[in-house]
Amino acid sequence: MTPFRRAALLAWGFVTLLVGTTWLVTSARGVQARFETGARILHRVLSQRSEQQEAVLASLTALTRAGVADAALHEYAGAMRAQYPQIVGVQRCRPECVDLGPGGAALPTGPLSPDPGGLRWHPAAPTLYALTRGDVRVWVDARRLFREEDFTDLSSAFRLRRPGSGAVLAGQAARPADGPLPVLWVRKVLGDGGQPLVFEGEHPLRWAELPLGGVALFALLAALASGGWVRLAEGRERARAAAREAERALQAERARARIAFHAVSEALVVTDAGHRVRLANPAARALLGDALAEGRDLREVAHFRATLDQRPFEAGGFWGSNVPAELPEGITLVTGEGARLVEGALAPVRGEDGEGAGWVLVLRDVGPARARVVAALEASERRRHEHEQTLAHVTRLSTLGEMSAGLAHELNQPLTAIVSHGQAALRMLADPERDEARVQRSVEATVTQAKRAAGIIAHLRALVKRAPTQPRRVDVNQVLENVASLTAFDTDLAGVTLAVRPDSAPLIVWGDPVHLEQVLLNLVRNAVEATREAPGAEVCLEARRRGKDVRVEVRDTGPGLTETVRGRLFTPFTTTKPHGLGLGLSLSQTLVQGMGGDLRGEDGPGGGAVFTVTLPLAVGEAVHA
Ligand code: ADP
């Protein structure tokens, strides 16, 4: 049982008991008062009636003393008996008693002795007694002192008792008592001292006279009121408990939020509607420094700067945004303590009325993360490069078979020439009349052809051998400068203008600078050979950045690619030159592919040929892009 129910039950019991008892006692007193009033009235009536026979006695005595004749006395007595029904006889005793007036009950004629109350009782009829004065006796029937109308209140009983013995002379029987309820009593002697009859009233209290229904109704209403109060109080208690629980949950939630706010690695700053700092976590203080004091305008502490290739940062739009605003990628945070690459967002906070209550700025220093990403990418780039080198080596070996046929064909020509020139020289030396000059030409031709064969083999060795590479960060602009100085003599000699156009910004790629140099030298030499001695001949060597790649173009004003080589430029031993080996482009493509790039050759839009080397920017450079 809840404390509310216990308290309500106790209060209900107490109030019901108090009110019920008071009500019942008050009602019983009312019954008693009514009973006593009725008894008092009846007592007075009986007393008055008993005085009537006294008056009759007195008047008869006076008449006898006045010597009134018996006949007149008879008449008077008859009149009195008619008037007062309780008088059942009148006698005159001289000394024998004779009846005066009409005969009635049989009355004793001899002397009668009085009882202690002075009444003389009929020896045979117990309810008759005589009042005597002088020689006159007036007989009264005590039963007739009561009249029919005296018993209208049937709930009470009234009796007359004989003094002394207490025998009941007249009255009515009382109703039985109602269970444990008390019986009300009244006992009085009749008013006239000459007839000390005892008047008795009895009233057994009954349930019907008490307001039990009212008390029960009150108890019911009080129970209902208590029940209502209990429900109300328990409802309030439940509401209070729910409110306490909600408050506890809110506190726990706040504590969690506070811990998260302080523990989170992102910088968090909460401001009011005027951008004044209200809250900042340790990460924010570490990023923005000591200037981040509470109440300080955040816009004065945190300045953002875009990089050159970004749109300028619009501070007004960002700080006043009504919706969450992301910082542009790659933005720099400039504070009194330096500049950091950051990312983040500014979100407006709304109050309960929906109005702007402030902002939350979230910032993340991406510098360290970026360094880790770059290191990881460089490592993977290195692995990829090594893998590609291995792959290129395997590719070169696999093309060896294909090349062997061409090699055999290429070597066959100088070897056949060597053999025939050698045999001719031998034949001429065996001739005693030999021409020394012809012998010398044959030997010289043999040497020339042998050198050619050696040249072919040397090129082939360079191609097949897996040359050790030293990949590192290479500035392509620098390689262009090297190629320009290496080819300056040849271009001058050939009457060709070489235009070298490096990029204004560094173009850093990952690779072997010697290989790249070798490729560009080869392309420039081919271009110079194609434009040689033509009027206005020009070769242009240009490097530019294209997205995440570097593109180097070698353009010339020559005749362009011939039909026979266009489709198989990079197949070994493809050449249109009388003394060409047809290995330069094939070797160049292999080297470029070894650096993760590509080499293409095509006719230029305005004539001439265009060869393009494409290389990926080194990792850190590409992230900058
Ligand atoms: P080689 O120079 O020994 O012939 P390459 O592999 O370097 O071998 O060149 C193959 C062929 O591609 C050349 O013989 C030539 O026909 C063609 N070629 C190369 N560069 C140019 C150019 N700039 N203009 C026209 N044709 C070219």
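Remember, it's 1-based here, ligands and their atoms both numbered in the order they're listed. As a basis for the values below, the full set of heavy atoms in this structure was taken, side chains included, without hydrogen atoms, waters or symmetry mates.
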*Any nitrogen or oxygen of Asn522, main chain or side chain, under 3.5 Å from a nitrogen or oxygen of ligand 1?*
no
*Please state which part of Thr562 comes within less than 4.0 Å of ligand 1, counting heavy atoms only: side chain, backbone, both or neither.*
neither
*Flag Phe611 as yes when one of its N or O atoms lies below 3.5 Å from any N or O atom of ligand 1, and as no otherwise.*
no
*Look at atom 4 (O) of ligand 1 and say which protein heavy atom is nearest, naming residue and atom and giving the distance to 0.1 Å.*
Thr575 OG1, 2.5 Å
*How long is the gap from CG on Leu361 to OG1 on Thr271, to the nearest 0.5 Å?*
8.5 Å
_So which atom in Val592 and which in Thr614 form the shortest heavy-atom distance, rounded to 0.1 Å?_
CG1-O, 4.2 Å
*asked:* Looking at Arg525 and Asp490, is any side-chain nitrogen of the basic one under 4.0 Å from a carboxylate oxygen of the acidic one?
replied: yes
*Just which atoms of ligand 1 are under 4.0 Å from any heavy atom in Leu569?*
12 (O)
*Between the side chains of Asn522 and Ser588, does any donor sit under 3.5 Å from an acceptor?*
yes
*Nearest to atom 19 (C) of ligand 1, what protein heavy atom do you find, and at what distance?*
Asn526 ND2, 3.6 Å
*Which of the atoms in ligand 1, numbered in the order shown and given with their element, are less than 4.0 Å from a heavy-atom of Leu561?*
26 (N), 27 (C)
_Parallel, tilted or perpendicular, judged at 30° and 60°: which one describes the rings of Trp359 and His275?_
parallel
*Of Asn477, Asp503, Ile508, Leu507, which is the lone residue that meets side-chain contact (heavy atoms from CB on, under 4.5 Å) with Val550?*
Leu507
*Criterion side-chain contact (heavy atoms from CB on, under 4.5 Å) against Leu363, the qualifying member of Leu333, Leu268, Val269, Ile331*: Leu333
*In the protein, what heavy atom is nearest to atom 6 (O) of ligand 1, and what distance, to one decimal place, separates them?*
Leu585 N, 2.9 Å
*asked:* If you take the nearest heavy atom of each of Ala530, Gly558, Gly601, which one is closest to atom 24 (N) of ligand 1?
replied: Ala530
*Show which atoms of ligand 1 fall inside a sub-4.0 Å distance from at least one heavy-atom site of Ala527.*
23 (N)
*Is Lys577 in polar range of ligand 1, meaning some N or O pair under 3.5 Å apart?*
yes
*Judged by modelled atom types alone, do Glu234 and Thr2 share a side-chain donor-acceptor pair under 3.5 Å?*
yes
*Hey, are Glu237 and Arg240 close enough for a salt bridge, meaning a charged N less than 4.0 Å from a carboxylate O?*
yes
*Under the side-chain hydrogen bond (donor to acceptor under 3.5 Å, both in side chains) rule, what do Glu247 and Gln251 come out as? Steps first, then yes or no, please.*
CA-CA 6 Å; Glu247 176 69 14; Gln251 293 295 347; 3.0 Å; yes
*Under a 4.0 Å heavy-atom limit, does Leu523 contact ligand 1 with its side chain, its backbone, both, or neither?*
neither
_Element-labelled atoms of ligand 1 that are located less than 4.0 Å from some non-hydrogen atom of Thr576_ = 13 (C), 14 (O), 15 (C), 16 (O)
_If we only consider heavy atoms of Gly582, is any one of them less than 4.0 Å away from an atom in ligand 1?_
yes
*For ligand 1, which atoms sit closer than 4.0 Å to a heavy atom of Gly560?*
25 (C), 26 (N)
_So, regarding Asp556 and ligand 1 (criterion: nitrogen or oxygen to nitrogen or oxygen, under 3.5 Å), is there a contact or not?_
yes
*Which residue supplies the protein heavy atom nearest to atom 10 (C) of ligand 1, what is that atom called, and how far is it?*
Thr574 O, 3.1 Å
*May I have the step-by-step check of side-chain hydrogen bond (donor to acceptor under 3.5 Å, both in side chains) for Thr531 and Asp556, ending in yes or no?*
CA-CA 7 Å; Thr531 53; Asp556 63 55; over 6 Å; no
